[in-house]
Protein chains: 2
Amino acid sequence: MSTVTEDCGLRERKKRETRSAIHRAALDLVEEKGYAAVTTDAIAARAGVSARTFFNYYPSKDAAVLGTRPEDLDQVAARIETQPADETPLDCLRVAILDLLAPSTLDRALRAQRRRVLLGEPALAPAMIGNNIRVENALTAALERRLGVAPGAALEPRLTVAASLAAVRACIEHHHGSSGGRDGRDLNASIERAFDLLAAGLR
Amino acid sequence: MSTVTEDCGLRERKKRETRSAIHRAALDLVEEKGYAAVTTDAIAARAGVSARTFFNYYPSKDAAVLGTRPEDLDQVAARIETQPADETPLDCLRVAILDLLAPSTLDRALRAQRRRVLLGEPALAPAMIGNNIRVENALTAALERRLGVAPGAALEPRLTVAASLAAVRACIEHHHGSSGGRDGRDLNASIERAFDLLAAGLR
DNA sequence: CTGCAAAGTTGCAGAGACTGCAAGTTCGGC
DNA sequence: GCCGAACTTGCAGTCTCTGCAACTTTGCAG
């Protein structure tokens, strides 16, 4: 039931390892040379697999660098549904999203590197946002379940999710502009503030 | 000064025509066969230019189908800055964005086709959103000018823009799900409603 | 109208992302 | 130990996109 390591045959473990190796290789290389200068062949080579196998694990170069894992989505969706009943939808989302940004299943160094690379490579923005579509759908579905409305019946859940994710992106972008300071604290503070603004109503 | 047709040498006119021909060819073909089944070669051929020239006009297949024009951005930015001074930022954005969705410089049929294709092809979502980044930056800059704050100084402008665009996307997505009905009216109504919700504060 | 420079077009060669297919290889259970 | 299922791999091929070096067209001045 834990989100960490289940289903431990040798086979399954190897798959996890390979998947992680590819992700780490991608991250290392991109940090080293920049996204454009890294080929999928190079990532595969550093990860110790064939070029073809690379694409068995990730459908694209983007995906390998992002290293998104389906279980993260499940985790955050679960978080939404298990929040206290008196929390507003927006507050559920705040908690869930902040959780998603700091997944405890990745070790500290990797997390930091991931953040560094993703924020530092504008070329990855489309991919990140493409990923956001999936996140948005998952969160919307979770929120609809929590509220007990049929999928797609009401506009509000989707709107709330979209606005929340946009807020997070805006904060990231904002920080990216004023690029000084240690990222973690300030960014979280901005996000809290953004959620407050959304709750109070925009002008 | 009009946004329509300026700078009319033969050369300039031909360029506009070619650009438009490529866009229309892309739209036609994608509607006909689906995005994945259309090659840049085919688009170029139908538009009557070489494969290489295609890429002189658009940097990617996506871009050709989207057919985004820089002057649209200028137009919408101008709209923001020339709104009455007592409008809230959010209301400026509402007006400007609704404008952007129905650019009067494209004829009716083309506009309709564009909307049909863009909404009908999930494969284009990343491109659309990628495009949104540019839109977001332009709108943020315009709003900052309107408010007289330095670029990147405050979080609010960017947050407001991001939330607004996200709201529009959410409405589109929402409509995409409940796919019945004539698109135009309902969508606009949803968007109005979404802006009202943003103004009132999300829960 | 003519000749010249700038702008635009084209083909070509090539790099790189990605896919389907048909072997091989390894794992898990019996 | 052995068999089927799951994985990996190489290969051949398609498609997007780029730089480069001709070639053609346009705008313009004389």
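Residue numbers begin at 1 in each chain, while the letters A, B, ... track the order of the sequences.
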Measure the distance from [atom1] on [X] to [atom2] on [N] and round it to the nearest whole Å.
{"X": "Glu12(A)", "N": "dG29(C)", "atom1": "CD", "atom2": "P", "value": "12 Å"}
{"X": "Lys61(A)", "N": "dG16(C)", "atom1": "NZ", "atom2": "P", "value": "9 Å"}
{"X": "Tyr58(A)", "N": "dG16(C)", "atom1": "OH", "atom2": "C1'", "value": "20 Å"}
{"X": "Asp41(A)", "N": "dC11(D)", "atom1": "CG", "atom2": "C1'", "value": "13 Å"}
{"X": "Phe55(A)", "N": "dG20(C)", "atom1": "CZ", "atom2": "P", "value": "12 Å"}
{"X": "Ile22(B)", "N": "dT9(C)", "atom1": "CD1", "atom2": "C1'", "value": "11 Å"}
{"X": "Ile43(B)", "N": "dC17(D)", "atom1": "CD1", "atom2": "P", "value": "10 Å"}
{"X": "Glu17(A)", "N": "dC7(D)", "atom1": "CD", "atom2": "C1'", "value": "15 Å"}

Charged tip of Lys61(B) within 45° of Phe54(B) ring normal and under 6.0 Å | no
Report, one pair per line, the protein and nucleotides 23-26 of chain C atoms (nitrogen or oxygen only) whose separation is under 3.5 Å.
unit_1: dT26(C); atom_1: O2; unit_2: Arg11(A); atom_2: NH2; d: 3.3

4.5 Å side-chain heavy-atom contact, Ile97(B) and Leu139(B) | yes
Can Gln113(B) and Asp28(B) be counted as having a side-chain donor-acceptor contact under 3.5 angstrom?
-> yes
Tell me which of Asn56(B) and Arg52(A) sits closer to the 5' end of DNA chain C, going by the nucleotide each one is nearest to.
-> Asn56(B)
Note: Val38(B) and Leu29(B) closest approach over all heavy atoms is CG2-O, 3.4 Å
So, is Thr40(A) near the phosphate of dA17(C), with a side-chain N or O under 4.0 Å from OP1 or OP2?
-> yes
N/O (side chain, Tyr57(A)) to phosphate O (OP1/OP2, dT8(D)) under 4.0 Å | yes
List the steps and the verdict of salt bridge (charged side-chain N to carboxylate O under 4.0 Å, His left out) for Arg116(A) and Glu121(A).
-> CA-CA 9 Å; Arg116(A) 225 178 311 133; Glu121(A) 278 285 352; over 6 Å; no
Of Phe54(B) and Thr53(A), the one whose nearest nucleotide on DNA chain D sits closer to the 5' end is Thr53(A)
When rounded to the nearest 0.5 angstrom, what distance separates CG in Asp186(A) from CD1 in Ile191(A)?
-> 11.0 Å
Output yes when Asp196(B) and Arg94(B) qualify as a salt bridge under the 4.0 Å nitrogen-oxygen rule, no when they do not.
-> yes
